[in-house]
K.L.:
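Attaching a single structure in structure tokens format; questions to follow.
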Amino acid sequence: QVQLVESGGGLVQAGGSLRLSCAASGSIFSINAMGWYRQAPGKQRELVAAITGGDSTNYADSVKGRFTISRDHAKKTVYLQMNSLKPEDTGVYYCNADISSTIRNYPLNYWGQGTQVTVSS
């Protein structure tokens, strides 16, 4: 019932910008932390940015100063604004969230399907 749907990926030249969105839907009671991960070809999935229920943020060193994570609690949506994109930012970006459903009293972890981000040089 609970699902995460990403949007906003695409192809962009180095130095450009993209804004990713991830909307949670279903039988949701509350959402705790949300975040963005990415996976480049031949590499492990890594945390890009995370935001807590209290809106505290954390970023990978490689994206600090360039990416901004934010959320709209009412819309159950998390965003990732990506500026000054580099070719090494290329990969599949996945939305992740800890969500308590209306029937469970504790959070479970959910993943989105992923959205491709390609940065050309």
Side-chain angles (χ1 to χ4, degrees):
Q1 286 291 96
V2 174
Q3 63 177 2
L4 301 172
V5 179
E6 303 106 327
S7 62
L11 175 64
V12 66
Q13 289 187 317
S17 298
L18 285 173
R19 184 174 183 257
L20 306 183
S21 298
C22 172
S25 62
S27 302
I28 297 171
F29 177 75
S30 64
I31 302 176
N32 301 118
M34 305 184 81
W36 291 94
Y37 291 72
R38 69 186 179 191
Q39 188 165 24
K43 296 182 66 178
Q44 298 279 82
R45 188 174 300 185
E46 64 175 349
L47 177 66
V48 176
I51 185 165
T52 69
D55 295 339
S56 296
T57 59
N58 185 46
Y59 299 92
D61 288 341
S62 60
V63 307
K64 285 182 179 177
R66 300 188 297 120
F67 292 10
T68 303
I69 188 170
S70 61
R71 68 190 292 175
D72 186 323
H73 293 271
K75 294 182 178 180
K76 300 183 179 70
T77 300
V78 63
Y79 307 94
L80 185 67
Q81 178 66 47
M82 304 186 294
N83 298 326
S84 302
L85 283 162
K86 304 175 180 179
E88 51 262 45
D89 294 319
T90 294
V92 179
Y93 283 68
Y94 298 91
C95 179
N96 179 265
D98 293 322
I99 301 173
S100 295
S101 70
T102 55
I103 198 65
R104 299 284 178 89
N105 197 36
Y106 57 91
L108 296 177
N109 190 250
Y110 295 85
W111 290 95
Q113 297 277 19
T115 185
Q116 177 70 43
V117 172
T118 303
V119 184
S120 62
S121 59

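Predicted model only: the values in this text are computed from it and were never measured.
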K.L.:
Using side-chain contact (heavy atoms from CB on, under 4.5 Å) as the criterion, point out the one residue from E6, M82, Q39 that pairs with Y93.
P.N.:
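Output: one option passes, namely M82.
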
K.L.:
Taking only residues two or more places apart in sequence, or in another chain, which ones meet D61 in a salt bridge (Lys or Arg N to Asp or Glu O under 4.0 Å)?
P.N.:
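Partners of D61 under the salt bridge (Lys or Arg N to Asp or Glu O under 4.0 Å) test: K64.
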
K.L.:
Look at the rings of W111 and Y94 and say which category their plane angle falls in: under 30° parallel, 30 to 60° tilted, over 60° perpendicular.
P.N.:
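W111 vs Y94 ring planes: perpendicular.
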
K.L.:
Less than 4.5 Å apart, any side-chain heavy atom of Q116 and any of L11?
P.N.:
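Sidechains of L11 and Q116: no contact.
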
K.L.:
So which atom in G114 and which in V92 form the shortest heavy-atom distance, rounded to 0.1 Å?
P.N.:
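Reported closest heavy-atom pair: CA-CG1, 3.9 Å.
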
K.L.:
Could you work out, with salt bridge (Lys or Arg N to Asp or Glu O under 4.0 Å) as the rule, every residue matching D98, not counting sequence neighbours?
P.N.:
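For D98 there are no salt bridge (Lys or Arg N to Asp or Glu O under 4.0 Å) partners, ignoring immediate neighbours.
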
K.L.:
What residues, two or more places apart in sequence or in another chain, satisfy side-chain hydrogen bond (donor to acceptor under 3.5 Å, both in side chains) together with S120?
P.N.:
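So S120 forms no side-chain hydrogen bond (donor to acceptor under 3.5 Å, both in side chains) with any residue.
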
K.L.:
Can you tell me which residue pairs pass the disulfide (SG to SG under 2.5 Å) test with a partner in residues 27-59, sequence neighbours excluded?
P.N.:
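As it turns out, there is no disulfide (SG to SG under 2.5 Å) pair with a partner in residues 27-59 once direct neighbours are skipped.
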
K.L.:
Among all residues two or more places apart in sequence or in another chain, which pass the salt bridge (Lys or Arg N to Asp or Glu O under 4.0 Å) test with E88?
P.N.:
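Scan of E88 (salt bridge (Lys or Arg N to Asp or Glu O under 4.0 Å), adjacent residues dropped) gives none.
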
K.L.:
Does A49 have any side chain to side chain contact (heavy atoms under 4.5 Å, CB included) partners at least two apart in sequence or in another chain, and if so, which?
P.N.:
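In terms of side chain to side chain contact (heavy atoms under 4.5 Å, CB included), with neighbours along the sequence ignored, A49 is linked to Y59, I69, L80.
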
K.L.:
Quick test of your reading: applying disulfide (SG to SG under 2.5 Å), list the pairs with at least one residue in residues 31-121, sequence neighbours left out, ordered by first then second residue.
P.N.:
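Matches after skipping sequence neighbours: C22-C95.
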
K.L.:
Filter on disulfide (SG to SG under 2.5 Å), then keep only pairs touching residues 43-93, sequence neighbours left out; what's left?
P.N.:
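Output for this query is empty, none listed.
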
K.L.:
Of all residues at least two apart in sequence or in a different chain, which pass the salt bridge (Lys or Arg N to Asp or Glu O under 4.0 Å) check with R66?
P.N.:
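Here the qualifying residues are D89.
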
K.L.:
Taking only residues two or more places apart in sequence, or in another chain, which ones meet N58 in a side chain to side chain contact (heavy atoms under 4.5 Å, CB included)?
P.N.:
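Testing N58 for side chain to side chain contact (heavy atoms under 4.5 Å, CB included), a comparison that skips the adjacent residues, returns L47.
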
K.L.:
Okay, side chain of N96, backbone of M34: is any donor-acceptor separation there less than 3.5 Å?
P.N.:
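Answer holds: no.
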
K.L.:
Which ILVMFWY residues are connected to V5, directly or by a chain of links, through side-chain heavy atoms under 4.5 Å apart?
P.N.:
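Hydrophobic cluster check, V5: no partners found.
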
K.L.:
Is any side-chain heavy atom of R38 less than 4.5 Å from a side-chain heavy atom of V117?
P.N.:
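No - every pair of side-chain heavy atoms lies 4.5 Å or more apart.
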
K.L.:
Does S70 have any side-chain hydrogen bond (donor to acceptor under 3.5 Å, both in side chains) partners at least two apart in sequence or in another chain, and if so, which?
P.N.:
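In terms of side-chain hydrogen bond (donor to acceptor under 3.5 Å, both in side chains), with neighbours along the sequence ignored, S70 is linked to no residue.
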
